[in-house]
There are 2 protein chains.
Amino acid sequence: MEYKERLKQFIQELKTGYLPSVSMDFVIFGFHEGQLKVLLLQWEGIHDWLLPGGRVRLNENLDDAAYRNLRERTGLGEVFLQQFHTFGNVIRNTYYAIEETLDRLGLSPEDLEGLPGRDVSVGYYALVEYTKVKPSPDLLTQEIRWCSIDEVPRLLFDHNEMITLALKTLRRQLSYQPIGYNLLPDKFTMPQLQQLYETILGQPLDRRNFQKRMLGYGILERLEERKAIGAHKAPYLYRFDMASYQNALAEERMFII
Amino acid sequence: MEYKERLKQFIQELKTGYLPSVSMDFVIFGFHEGQLKVLLLQWEGIHDWLLPGGRVRLNENLDDAAYRNLRERTGLGEVFLQQFHTFGNVIRNTYYAIEETLDRLGLSPEDLEGLPGRDVSVGYYALVEYTKVKPSPDLLTQEIRWCSIDEVPRLLFDHNEMITLALKTLRRQLSYQPIGYNLLPDKFTMPQLQQLYETILGQPLDRRNFQKRMLGYGILERLEERKAIGAHKAPYLYRFDMASYQNALAEERMFII
DNA sequence: TCAAAAGTGTTGCGTCTACACCCATGA
DNA sequence: TCATGGGTGTAGACGCAACACTTTTGA
């Protein structure tokens, strides 16, 4: 069985080229059609979904590994990527027992000999621009796709928990840094930005106050008009003023919503 | 040389009983005489200081390992303990080169064979009540002691960076949770609490406003008087009302200072 | 000309800040 | 009785939240 061979080869590589007992998992957020989405994938031979993950090379910095793995999955280099928690429960698998998972993969415990029985996994969350992402499956992956945040199915291992915590962190983070620009196209309208905030926070916001506050931070640059969207007044386009933006970040200014 | 033998035995244990390539380090905060302190230790044979650390047993949850290690160092069980970052740079050693450190320990690189060349280290910070701590050195440790936060010397590895980030996290955390009670004795006065906050935040606070706010949170219980401290009006004693406190935490109420 | 969405300004309330006086105590 | 520190109340500033009308556009 060719797939099984590939799998074994993959495991062999794990034993030699990567840090044992350390892995990483990614909660990759995207925003599309008014919905917050996460990137999920499916291993071959298993019909359940899980978060994309990765491992650290022997001579690679942890954060570098994160960027590398993310690039391998999404094709994106320049993204917001941040550690949010390290998960280290022995039984991180709350859905299927490990044995059952192995069985479905067509493996026996002997195949894993020499690997530590468990990983400590560093959780990262990423904010990416939905349209720029080209999900690319790897050796083990059968399918990879976006899933709306409130339609996430039961995932393998502790990955549901990871998403929950990542979202919680993101919401909190939103008060410290204007994160929006990672999730939106270069040029966007104020209603789009507001919708993003409302989606992440899960609550409606006052249109006028929102605009006032956002402009008050002095990190947005207004461009010319934009028409298009139907029978309404055309909203302005904005762009993040990166200089002021970096400045604000450096000063650790608060962005309370 | 007996010490070297112990060291080798210790390393042997590492190879078999613990997760390879994962370690943890602790920034243990205490508060005493108006100063914020951290617990530092010194390895035998090396005159430099470093943070207490630990490793994870093969079958042990990460957080359990943290509590175990902390207990082994401080004798304390019930403390505030929280992950703040995972450090994974290949060269986490910014002071001495690893070789030099080995040399001072009387080891050669061969002694480490079989161990991965580097660790990913999960940083935890702890808030403990200064007077309750009984620092207990381990096999490798020569001395262990409290050090005022602004007199921390250059530490081995990336441990200075860890303290900096832990403190930053603590300051930020202070706005989300009233952390004070972990650092103070059961009964404390308002000026004591204020001093704690001022010390952690590194800025003076208005006495009246501070008291108003703290009482406003409804998590403090006022007790009878207290005399003692010199030729002044005796301040009230307070105690955290644990029920309301837990309640407030659960609601994720903000505690802005 | 109407419906739907976007742009903008003002008012009021509540909250935080700044500030001063009285009280208790030991020397 | 005085110096030192602790307890408390109030007035003003500020910021945020609530809110309504006008503009644009396509149907």
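Predicted model, so just to flag it, every value in this text is computed and none were measured. Below, chains carry the letters A, B, ... as their sequence lines are ordered, and counting in each starts from 1.
Side-chain atoms of B:Q83 come within 3.5 Å of backbone atoms of A:T86 as a donor-acceptor pair (strictly under, hydrogens ignored).
Within the structure, every side-chain polar atom (N or O) of B:Q211 is placed at least 4.0 Å from both OP1 and OP2 of D:dG6.
When distances run from any side-chain atom of A:K233 to the nucleotides D:dT8, D:dG5, D:dT23, the shortest one goes to D:dT23.
Rounded to a whole Å, the NE2 atom of B:H232 is 21 Å from the P atom of C:dC22. In this structure, A:R213 atom CZ and C:dG9 atom P are separated by 17 Å, rounded to whole Å. Rounded to whole Å, the distance from CZ on A:F210 to P on C:dA5 is 18 Å. Nucleotide C:dT25 holds its P atom 10 Å from the OH atom of B:Y236, rounded to whole Å. A straight line from CD of B:Q194 to P of D:dG6 spans 9 Å, rounded to a whole angstrom. Between A:D206 atom CG and D:dC19 atom P there is a gap of 9 Å when expressed in whole angstrom units. What separates CE of B:M214 from P of D:dG7 is a distance of 14 Å, to the nearest Å. When the C1' atom of D:dG7 is taken as reference, atom CG of B:L215 falls 11 Å away, rounded to whole Å.
For B:R208 against C:dA20, a side-chain-to-base donor-acceptor contact under 3.5 Å is present. A donor-acceptor contact under 3.5 Å is formed by the side chain of A:K212 with the base of C:dT10. With hydrogens and angles left out, the side chain of B:R207 and the base of D:dG5 share no donor-acceptor pair within 3.5 Å.
Remark: of the listed residues A:T74, A:N182, A:L70, A:L70 is the sole one forming a side chain to side chain contact (heavy atoms under 4.5 Å, CB included) with A:V79.
Between B:Y125 and B:F29, the ring planes lie perpendicular to each other; the angle is over 60°, past the 30° to 60° tilted range.
Between A:F188 and A:F240, the ring center distance clears the sub-6.0 Å criterion.
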